[in-house]
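The structure appears right after this line, and notes come after that.
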Amino acid sequence: MRLLWLRLLPIYTGDREEDKVSVRVRFAPSPTGQIHIGNIRTAVFNWLFARSQGGKFLLRVEDTDQERSSEEFEEIILKELRWLGLDIDEGIGGGGEYGPYRQTHRLKIYKKYAEELQEKGCVFPCFCSPDEFEKEKNPEHSYNDPCRDLSPDKVEELRNKGVPEALRFRSPRQGKVSFLDSVHGEIAFQSQVIDDFALMKSTGYPTYNFACVVDDHLMKISHVLRGEDHISNTPKQILIYEAMGWQPPVFAHLPLILDKKRRRLKKRSGQQEAFLSSYRNAGYLPETVFNYLALLGWSPGEDKEIMSREEMVEKFSLEKINESGAVFDIEKIKWMNGVYLRNLERKEFRERALAFLSGQGLDTENEKLIFLMEALQEKVNTLKELAQKISEYFEPLAFPDPEDARQVLQQDGVEKVLSSLKAKVGEVDDLNPDRAANLLKEIIKELQVGGKLVYKPVRYALTGKGTGADLSAIMAYLGPENIRMRIDETFKFLKGDAHE
RNA sequence: GCCCCCAUCGUCUAGUGGACUAGGACACUGGCCUUUCACGCCGGCGGCAGGGGUUCAAAUCCCCUUGGGGGUGCCA
């Protein structure tokens, strides 16, 4: 629970006018794979904060993991940000005067500051091999690094032997490190539990904690909004800021996004739903994803949920960020996407749906597809669902639930209705939804039957099912030829052969 | 093990000591509308983890317990 006074304390924010205009936040992913939902949510919050404060949103690539980083993933990051509409003011894909913005291009910089820390005596070389260090680690005292107090002679000796050396921070063994988190209030760690973490790897690459601090400082980052999993890194980073004599940024640790089991939603769980790309591929609109993600861990403080980007920017504030983890609810985002889809203007829906459909191997040249598409607009939650529903009408007639179908089709008078329909469509060479609807009305009038004997039975006869798109749209889509064929097939089915 | 964070319907959340008979949304469910299918609308179900304090008054403040999560890398 946060204390009120902490919320109001104007430590770094809000008290001075210039603070407001100097807000600079960054999204700093590592290019090691498909972009993750949790990651992109962090980006969304950073972007929202920057825009709400009139600040800058930067993109920095943290590619210091030589094993896993790859340039192709950098492209993916850019593409995903663009898709979601998170425009970059500075950094990779945005230019700017504090570059380079790719950490592997900043190696000299880290080296320089590492040397500075060495001169200050805040660090020490470590000659342990990674495995060795693992063994030496004592679960009770994680700071227990065997190289911490090596004599200068010993250091000299090991260096001469060419033993690979890393650089570690000499963590204080008493006192405490604390900081004021904008989401959680004060967070404090006893210094003795902070181990002698590495700053530079033996490869000459910086570690995350070191590079991050150097870059955030040099790039004048004012607020660090990142996942809660970074809380335990924060005291280490603060120690570096202090050693360098730098002012740390404001930290805001965002609650984690959880899966149904309340575990952190992560790539390794293998769930496709952990990736942003899955949502694009499943036909979610970017505005839906943005809206839904913004609401995971943040609330404007009122009942409104469907909001425009502008509204969210206007209402966003660090104070309204929640402190507890949030389960990602696939049902809810599905519903939300349905709302966005239904709210689309006819024309826009058509364009966007067509663009998606053509990527799904559907024949978008067929202009009759439009009839179905529009009839389905209000019935689907995703464009993928739209594609699936449309494809069903490409398939040959089948009766998945023959019992039901028979019950409807065997009512007295239905046969007459179907025959009449068959005859009527025989007289026209094309159909549109209006004409189709009129045809059915004519039948009702001429045969003096109720709609009950027409709509549902015709639906079954033409589609084999009891639910689906608007009937006249289906008829227009199928066209006279297919309608006649399907009615014949239905008659066969009723006589007992085939189609089960 | 140690450190840190968190705790309101199944899920996302509103709630900053009295306006709470705890509000909204998803899901589920009953109905209305539509002579098809939906959309939509109206209703229902369902929650302050437990225990102690503080206070005239606690979902709200404090403590403990329990539960959940995260971290504990020369990953980020």
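FYI, side chains are in, hydrogens and waters are out, and symmetry mates aren't considered; it's all heavy atoms of this structure. Below, chains carry the letters A, B, ... as their sequence lines are ordered, and counting in each starts from 1.
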Closest-nucleotide mapping onto RNA chain B: is A:R263 or A:N381 further toward the 5' terminus? I mean the 5' end.
A:N381
Whole Å only: how far is the CD1 atom of A:I306 from the C1' atom of B:C26?
11 Å
If you look only at pairs with a residue in residues 451-461 of chain A, which of them pass as a salt bridge (charged side-chain N to carboxylate O under 4.0 Å, His left out), with sequence neighbours excluded?
none
Is it possible for you to check whether A:R406 lies under 6.0 Å from the centre of the six-membered ring of A:F493, through NZ or CZ, and within 45° of that ring's axis?
yes
Given atom CG of A:N209 and atom C1' of B:U72, what is their separation to the nearest angstrom?
12 Å
Check this for me, if you would: do A:R170 and A:D149 make a salt bridge, where the nitrogen-to-carboxylate-oxygen distance has to be below 4.0 angstrom?
yes
Just call it for A:H230: base, sugar-phosphate, or nothing, with non-hydrogen atoms closer than 4.0 Å on any strand.
base
A:H217 meets the side-chain hydrogen bond (donor to acceptor under 3.5 Å, both in side chains) criterion, sequence neighbours left out, with none
Are any protein N/O atoms closer than 3.5 Å to N/O atoms in nucleotides 3-5 of chain B? If there are, list each pair with its distance.
residue, atom, partner, partner atom, Å
B:C5, O3', A:H184, ND1, 3.1

Tell me: CZ of A:F124 to C1' of B:C74, nearest whole Å?
12 Å
Spacing of A:E165 atom CD relative to B:C74 atom P, expressed in whole Å:
15 Å
Rounding to an integer number of angstrom, what distance separates B:C4 and B:C9 when you compare their P atoms?
26 Å
Restricting both atoms to N or O, compile the protein contacts to nucleotides 9-12 of chain B shorter than 3.5 Å, with distance only.
residue, atom, partner, partner atom, Å
B:C12, OP1, A:R262, NH2, 3.0
B:C12, OP1, A:V327, N, 3.0

What is the separation between atom CZ on A:R226 and atom P on B:G70, rounded to the nearest whole Å?
18 Å
Using atom P in both nucleotides, what's the gap between B:G17 and B:C62 to the nearest angstrom?
12 Å
Give the B/S/- string for nucleotides 36-42 of chain B, one per nucleotide from 5' to 3', where a protein heavy atom under 4.0 Å of the base yields B, of only the sugar-phosphate yields S, and otherwise -.
BBBSS--
Both A:D63 and A:G450 contact RNA chain B. Taking the nearest nucleotide for each, which residue is further toward the 5' end?
A:G450
Pairwise P distance for B:U16 and B:A58, with rounding to whole Å
16 Å
Could you give the CZ-to-P distance, from A:F197 to B:U72, as a whole number of Å?
13 Å
Between B:G71 (C1') and A:Q237 (CD): distance, integer Å
13 Å
Does A:K304 put a side-chain nitrogen or oxygen below 4.0 Å from OP1 or OP2 of B:G23?
no
Please state whether the phosphate of B:G68, meaning OP1 or OP2, lies under 4.0 angstrom from any side-chain nitrogen or oxygen of A:S324.
no
Sorted by chain and residue number, the ring pair (Phe, Tyr, Trp, His ring centres under 6.0 Å) partners of A:F27 (sequence neighbours excluded) come out as none
Residue pair A:Y393, A:I474: steps toward the side-chain contact (heavy atoms from CB on, under 4.5 Å) verdict
CA-CA 8 Å; A:Y393 297 101; A:I474 293 172; 3.6 Å; yes
Provide, to the nearest angstrom, the distance between the CG atom belonging to A:D303 and the P atom belonging to B:A14.
10 Å
Watson-Crick or G-U wobble partner of B:A22, both distances under 3.5 Å:
none
Which nucleotide, if any, forms a Watson-Crick or G-U wobble pair with B:C48, using both distances under 3.5 Å?
none
The correct set of residues in residues 100-108 of chain A placing a heavy atom under 4.0 Å from RNA chain B is none
Going by salt bridge (charged side-chain N to carboxylate O under 4.0 Å, His left out), name the pairs with one or both residues in residues 287-297 of chain A, residues two or more places apart or in two chains.
A:E287-A:R352
Partner residues of A:K389 under the side-chain hydrogen bond (donor to acceptor under 3.5 Å, both in side chains) criterion, sequence neighbours left out:
none
Would you say the side chain of A:L421 lies within less than 4.5 Å of the side chain of A:M475, judging by non-hydrogen atoms?
yes
The criterion is side-chain hydrogen bond (donor to acceptor under 3.5 Å, both in side chains); which residues satisfy it with A:Y455, sequence neighbours excluded?
none
Measuring to OP1 and OP2 of B:G68, would you say a side-chain N or O of A:K261 lies under 4.0 angstrom away?
no
Could you tell me the Watson-Crick or G-U partner of B:U72, where both distances fall under 3.5 Å? Say none if there is no partner.
B:G1
Please give the distance between the C1' atoms of B:C39 and B:A22 as a whole number of Å.
32 Å
A:F316 ring center within less than 6.0 Å of A:F45 ring center
yes
Can a donor-acceptor pair be found, under 3.5 Å and without considering hydrogens, that links the side chain of A:H36 to the backbone of A:L265?
yes
Any strand counts, and the cut-off is 3.5 Å on both contacts for Watson-Crick or G-U wobble. Which nucleotide pairs with B:G67?
B:C6
Give A:N233 one of three labels, base, sugar-phosphate or nothing, depending on what nucleic acid heavy atoms sit under 4.0 Å from its own.
base
Heavy-atom neighbours of A:E442 CD exceed 12 at 6.0 Å
yes
With a cut-off of less than 4.0 Å, is there a side-chain N or O of A:R68 near OP1 or OP2 of B:A76?
no
Paired to B:G43 by Watson-Crick or G-U wobble criteria (both distances under 3.5 Å) is B:U29
C1'-based separation of B:G10 from B:C3 [nearest Å]
32 Å
For the side chain of A:S299, starting at C-beta, report the closest nucleotide among B:A27, B:U13, B:C74.
B:U13
Quick one: which residue pairs count as a side-chain hydrogen bond (donor to acceptor under 3.5 Å, both in side chains) with a foot in residues 288-299 of chain A, not counting sequence neighbours?
A:T288-A:N337, A:N291-A:Y340
Centres of the A:H230 and A:Y208 rings: under 6.0 Å?
yes
Checking B:C74, B:G71, B:A27 against the side chain of A:D229 (C-beta onward), the nearest is B:G71
Is the shortest side-chain N to carboxylate O distance from A:E302 to A:K315 below 4.0 Å?
yes
Within the pair A:K260 and B:G68, is there a side-chain N or O less than 4.0 Å away from OP1 or OP2?
no
Looking at residues at least two apart in the chain, or sitting in another chain, which of them share a ring pair (Phe, Tyr, Trp, His ring centres under 6.0 Å) with A:Y460?
none
